[in-house]
Participant: 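I'd like to ask some things about the structure below.
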2 protein chains.
Amino acid sequence: MLSKKTQYAFRALEMLVSRYEQGPVLISDIARKKKIPLKFLENILLQLKKDGILESKKGKGGGYFLAQKPSRVPVARVIRVVDGPIAMLPCVSLYFYQKCKNCDEKHCGLHDIMIGVRDAQLAILEKKTLADLVV
Amino acid sequence: MLSKKTQYAFRALEMLVSRYEQGPVLISDIARKKKIPLKFLENILLQLKKDGILESKKGKGGGYFLAQKPSRVPVARVIRVVDGPIAMLPCVSLYFYQKCKNCDEKHCGLHDIMIGVRDAQLAILEKKTLADLVV
DNA sequence: GATTACCCTACCAAACAAGTAGGGTAGAAT
DNA sequence: ATTCTACCCTACTTGTTTGGTAGGGTAATC
């Protein structure tokens, strides 16, 4: 399951998408409108900025805004930044791969199944973008 | 990500599949061969039994064994018993549904995306069975 | 009736999640 | 230049989950 933090991230991004190219949006505006604890949200947006999904402007009239067109940011990217691995097993993760001990990947049925699941997940999560958040 | 517990469960089941209809298998045998902490494994097998995936026989010559043909037990079932929800959001889970507050499911882009992901996951996890664990 | 092997409860430490607190600092605007 | 705004950063707290341990109870074979 996605963490609450990640769900907050999506709710915040939703708002930034709908105000794309209309100037920076205040953290406090997002927090109030989306009912997210202010300081917790700060932390989330910072993470998204560090990854390059968001940009920010300081001082009066500042705030956060999308670094690129919503349709250029896959949902998968957001999940990886805030939540971590998408795959169901470390040994089939593309970005967070870890070898599983006591299991020969060449002869592991579970491994094969989870490769399939991962591909099915990514087929959607890499194609859908922030633009799809707003319906 | 699946918990270590769930991965243990699959490793244990793998062994029970390969010895299907060859009599009960000792917990201690599974623990030793699959390198799973004995008492922890006990707990896992008990859970699987309670759900009806396994049966057991007490006393000398006892042990655990599959309650039905491996090909009749979907991988999804094991995950739900040991790990819980498969879906990425509570509001799209079939077996563990929970309404998400502050989000109208009728007009939530993320909701729609995650419905798609869930279906893609289940298409595989409901079709693949314990029989597929052993290659 | 002794032994075997499952069954059950409780406990523990570490890690993570979710949220709080408080101040630091850069940058606009006046 | 100063002031105010709003982002930036670190640390802490609290509660839950995870992974694992301990120890004994109980039912069923032989």
Side-chain angles (χ1 to χ4, degrees), chain A residues 1-12 16 23-32 34-51 53-67 79 81-85 88-90 96 98 100-102, chain B residues 1-12 16 23-32 34-67 79 81-85 88-90 96 100-102:
Chain A
M1 295 273 257
L2 295 181
S3 65
K4 217 165 171 180
K5 190 173 180 180
T6 307
Q7 295 178 54
Y8 283 154
F10 279 113
R11 297 244 304 283
L16 291 173
V25 182
L26 294 183
I27 288 187
S28 51
D29 274 10
I30 303 175
R32 184 164 15 83
K34 294 294 187 177
K35 288 174 187 156
I36 305 172
L38 179 67
K39 297 299 262 176
F40 196 43
L41 177 60
E42 251 189 77
N43 183 22
I44 295 168
L45 297 183
L46 218 47
Q47 246 178 295
L48 293 173
K49 184 194 164 170
K50 199 166 285 173
D51 186 75
I53 294 177
L54 297 182
E55 284 180 24
S56 65
K57 201 180 158 192
K58 289 186 180 178
K60 197 168 191 173
Y64 279 96
F65 53 96
L66 288 173
I79 295 177
V81 172
V82 185
D83 215 68
M88 299 189 88
L89 289 180
F96 301 85
Q98 273 187 308
C100 52
K101 48 192 169 193
N102 310 328
Chain B
M1 294 273 258
L2 294 181
S3 65
K4 215 166 171 181
K5 190 173 179 180
T6 308
Q7 295 178 54
Y8 284 154
F10 278 114
R11 297 245 303 284
L16 290 174
V25 182
L26 293 185
I27 288 187
S28 52
D29 274 10
I30 303 175
R32 184 163 15 83
K34 293 294 187 177
K35 288 174 187 158
I36 305 171
L38 178 68
K39 297 298 261 177
F40 197 43
L41 177 60
E42 250 189 78
N43 183 21
I44 296 168
L45 297 184
L46 217 47
Q47 246 177 295
L48 292 172
K49 184 194 164 169
K50 199 167 287 175
D51 186 75
I53 294 176
L54 297 182
E55 285 180 24
S56 64
K57 200 182 159 191
K58 290 186 180 178
K60 195 166 193 173
Y64 278 96
F65 52 96
L66 289 173
I79 295 178
V81 171
V82 184
D83 215 67
M88 299 188 88
L89 289 180
F96 301 85
C100 52
K101 49 191 168 196
N102 310 328

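No hydrogens, no waters, no symmetry mates; every other heavy atom, side chains included, goes into these values. It should be emphasised that the depicted structure is a prediction, and the values quoted were computed from it without experimental measurement.
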Participant: CD of B/Glu55 versus P of D/dA28: gap in Å, rounded?
Facilitator: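 Checked: the CD to P distance equals 14 Å.
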Participant: Return the value, rounded to whole Å, for the distance between atom CG of B/Asn43 and atom P of D/dG19.
Facilitator: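 Those two atoms, CG and P, are 12 Å apart.
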Participant: A/Met1 has an atom CE; how far is it from atom P of D/dT17, in whole Å?
Facilitator: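 It works out to 12 Å between those atoms.
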Participant: Using every non-hydrogen atom in the two residues, find where A/Pro24 and A/Gly61 come nearest and quote the distance to one decimal.
Facilitator: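 Looks like CG-O, 3.7 Å.
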Participant: Pairs in or reaching into residues 47-62 of chain B: which pass salt bridge (Lys or Arg N to Asp or Glu O under 4.0 Å), with residues at least two apart or in two chains?
Facilitator: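 Every salt bridge (Lys or Arg N to Asp or Glu O under 4.0 Å) pair that includes a residue of residues 47-62 of chain B, provided the two are not neighbours, is B/Asp51-B/Arg77.
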Participant: Nearest-Å distance, CG (A/Leu41) to C1' (C/dA18)?
Facilitator: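 Taking CG of A/Leu41 and C1' of C/dA18, I get 13 Å after rounding.
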Participant: For A/Leu16 versus A/Tyr64, what's the shortest heavy-atom pair and its separation?
Facilitator: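 Where A/Leu16 meets A/Tyr64 most closely, the heavy atoms are CD2-O, 3.5 Å.
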Participant: What are the two closest heavy atoms between A/Phe96 and A/Gly84, and how far apart are they?
Facilitator: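 That closest heavy-atom pairing would be CE1-C, 3.7 Å.
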Participant: Could you go over nucleotides 14-17 of chain C and give all protein N or O partners under 3.5 Å, atom names and distances?
Facilitator:
none

Participant: Cut-off 3.5 Å, no hydrogens considered: what does the side-chain donor-acceptor table look like for residues 36-48 of chain B, sequence neighbours left out?
Facilitator:
| unit_1 | atom_1 | unit_2 | atom_2 | d |
| --- | --- | --- | --- | --- |
| B/Lys39 | NZ | B/Glu42 | OE2 | 3.4 |
| B/Gln47 | OE1 | B/Lys5 | NZ | 3.0 |
| B/Gln47 | NE2 | B/Val81 | O | 3.3 |

Participant: For the pair made of OH in B/Tyr8 and C1' in D/dT21, what is the distance, rounded to whole Å?
Facilitator: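 Roughly 13 Å, once rounded to whole Å.
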Participant: Base, backbone or nothing for each nucleotide of nucleotides 20-30 of chain C, written B, S, -, heavy atoms under 4.0 angstrom, 5' to 3'?
Facilitator: BBBB--SBS--
Participant: From CG of B/Leu45 over to P of C/dC7, roughly how many Å is that when rounded to an integer?
Facilitator: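 Answer to the nearest Å: 9 Å.
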Participant: Heavy atoms only: give me the nearest B/Leu26-B/Gly62 pair and the separation to one decimal.
Facilitator: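 Closest heavy-atom pair between B/Leu26 and B/Gly62: CD2-O, 3.5 Å.
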Participant: Distance check needed: C/dC7 P versus B/Lys50 NZ, whole Å only.
Facilitator: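 Spelled out: NZ on B/Lys50 to P on C/dC7 is 10 Å.
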Participant: Is the distance from OP1 or OP2 of D/dC8 to the nearest side-chain N or O of A/Ser56 less than 4.0 Å?
Facilitator: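 For D/dC8, OP1/OP2 do have a side-chain N/O of A/Ser56 under 4.0 Å.
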Participant: Residues in side-chain contact (heavy atoms from CB on, under 4.5 Å) with B/Thr6, at least two apart?
Facilitator: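 B/Leu2, B/Ser3, B/Phe10, B/Val82, B/Asp83.
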Participant: When the distance from CG of B/Leu48 to C1' of C/dC6 is rounded to whole Å, what number comes out?
Facilitator: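 Atom CG in B/Leu48 sits about 15 Å away from atom C1' in C/dC6.
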Participant: Apply the test side chain to side chain contact (heavy atoms under 4.5 Å, CB included) to residues A/Ile79 and B/Met88: give CA-CA distance (whole Å), side-chain angles for both, the deciding distance (0.1 Å), then the verdict.
Facilitator: CA-CA 11 Å; A/Ile79 295 177; B/Met88 299 188 88; 4.2 Å; yes
Participant: Mind checking side chain to side chain donor-acceptor pair (under 3.5 Å) for B/Lys4 and listing every partner two or more places apart, or none if nothing turns up?
Facilitator: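 Checked B/Lys4 against side chain to side chain donor-acceptor pair (under 3.5 Å); zero matches.
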